[in-house]
Amino acid sequence: MHREIHILNGPNLNLLGKRQPEIYGHETLADVERRCRALLPEGTGLVLRQSNHEGQLVDWIQEARAAACGIVINPAAYTHTSVAILDALHAFEGPVIEVHISNVHKREAFRHHSYVSLRADGVIAGLGIEGYEAAVRRILSLTGAAG
Ligand code: DHK
């Protein structure tokens, strides 16, 4: 059993805390990592990554096949466009939780469709960065790694 949770983030999330804070808030990916690490039981690791490149995200999802018990993914704009990320997630066997910081359903129509939701075991939108914590908790409970 792999005891690592991988949190993967797509384009522009490197600017989290700086870009459109009225939508995405003032906290950064470093804050996401700190909050999520605090939830982990002894013996469970966390890898948090961000890329602006679709192929890099595909490579990391493939890497997670051998290393991770679950994936938390915020594909950002690729949510709405990427069959490649969907296909890569189909090749991953553990739980996948899709996170959106904003409530995408309250925004433009093009954000209402998600390719990734065709694979995700759970979808969280609009909880701000607390959504990542909820996703990590869910993976811990699904994989029996909690507590
Ligand atoms: C982040 C983005 O960058 C957008 O492209 C998505 C997502 C929504 C979020 O809410 O975390 O549409």
Side-chain angles (χ1 to χ4, degrees), residues 2 4-41 44-65 67-143 145-146:
H2 313 299
E4 257 179 20
I5 296 175
H6 288 197
I7 303 181
L8 304 179
N9 294 279
N12 299 303
L13 287 168
N14 53 313
L15 298 179
L16 188 63
K18 293 189 191 120
R19 85 158 163 153
Q20 296 181 281
E22 68 287 0
I23 295 176
Y24 299 108
H26 291 278
E27 287 181 277
T28 65
L29 273 189
D31 296 317
V32 171
E33 182 165 4
R34 180 181 44 76
R35 281 173 177 244
C36 290
R37 270 190 201 288
L39 302 173
L40 299 180
T44 301
L46 186 95
V47 172
L48 183 142
R49 291 164 155 171
Q50 185 279 329
S51 177
N52 293 329
H53 305 280
E54 186 175 18
Q56 178 66 84
L57 291 161
V58 169
D59 287 345
W60 285 340
I61 294 165
Q62 290 186 10
E63 232 179 78
R65 281 161 49 82
C69 62
I71 294 177
V72 175
I73 185 162
N74 182 348
Y78 289 137
T79 306
H80 320 297
T81 62
S82 181
V83 176
I85 288 175
L86 170 64
D87 285 351
L89 289 169
H90 274 309
F92 178 78
E93 285 180 4
V96 173
I97 308 294
E98 176 182 348
V99 172
H100 305 289
I101 296 165
S102 65
N103 180 1
V104 283
H105 301 290
K106 209 176 166 185
R107 300 179 65 191
E108 303 95 319
F110 67 83
R111 296 186 204 274
H112 298 176
H113 177 262
S114 165
Y115 282 99
V116 170
S117 292
L118 291 166
R119 164 63 181 88
D121 299 293
V123 182
I124 296 166
L127 302 194
I129 69 166
E130 289 171 41
Y132 289 91
E133 294 171 275
V136 166
R137 283 199 187 92
R138 180 65 179 159
I139 286 178
L140 290 173
S141 78
L142 286 173
T143 58

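In this chain, numbering begins with 1 at the start of the sequence shown. Both ligands and their constituent atoms are indexed starting at 1 by order of listing.
- The shortest N or O to N or O distance between S102 and ligand 1 is below 3.5 Å.
- The closest non-hydrogen atom to atom 1 (C) of ligand 1, taken over Y132, Y24, F110, comes from Y24.
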Determine, step by step, whether L29 and I7 satisfy the side chain to side chain contact (heavy atoms under 4.5 Å, CB included) criterion, reporting the C-alpha distance in whole Å, the side-chain angles of both residues, the deciding distance to 0.1 Å, and the verdict. CA-CA 10 Å; L29 273 189; I7 303 181; over 6 Å; no
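- The CG atom of N103 sits 12.0 Å away from the CZ atom of R111 when rounded to the nearest 0.5 Å.
- Atoms of ligand 1 lying under 4.0 Å from at least one heavy atom of H80, given by number and element, are 6 (C), 12 (O).
- Ligand 1 lies out of reach of E98, whose nearest heavy atom is not under 4.0 Å from it.
- Scanning the protein heavy atoms around atom 4 (C) of ligand 1, the nearest turns out to be R111 NH1, 3.3 Å.
- Residue contact check for ligand 1: V104 places a non-hydrogen atom closer than 4.0 Å to it.
- For the atom pair H100 NE2 and L127 CG, the distance stands at 11.5 Å (nearest 0.5 Å).
- An N or O contact shorter than 3.5 Å links N74 to ligand 1 by distance.
- A distance of 4.0 Å separates CZ of R107 from CD1 of I23, quoted to the nearest 0.5 Å.
- Checked against E133 for a salt bridge (Lys or Arg N to Asp or Glu O under 4.0 Å), the options R37, R34, R35 give a single hit: R35.
- The two residues W60 and S51 come nearest to each other via the heavy atoms CZ3-CB, 3.6 Å.
- A side-chain N or O of Y132 and one of N9 form a donor-acceptor pair less than 3.5 Å apart.
- A side-chain donor-acceptor contact under 3.5 Å links E98 and S114.
- Considering backbone and side-chain atoms together, I101 places an N or O closer than 3.5 Å to an N or O of ligand 1.
- In terms of N/O distances under 3.5 Å, ligand 1 is approached by A77.
- By the 4.0 Å heavy-atom criterion, Y78 is excluded from the residues contacting ligand 1.
- With ligand atoms numbered from 1 in the order given, ligand 1 contributes 1 (C), 2 (C), 3 (O) to contacts under 4.0 Å with heavy atoms of R19.
- For ligand 1, the atoms closer than 4.0 angstrom to any heavy atom of H100 are 9 (C), 10 (O), 11 (O).
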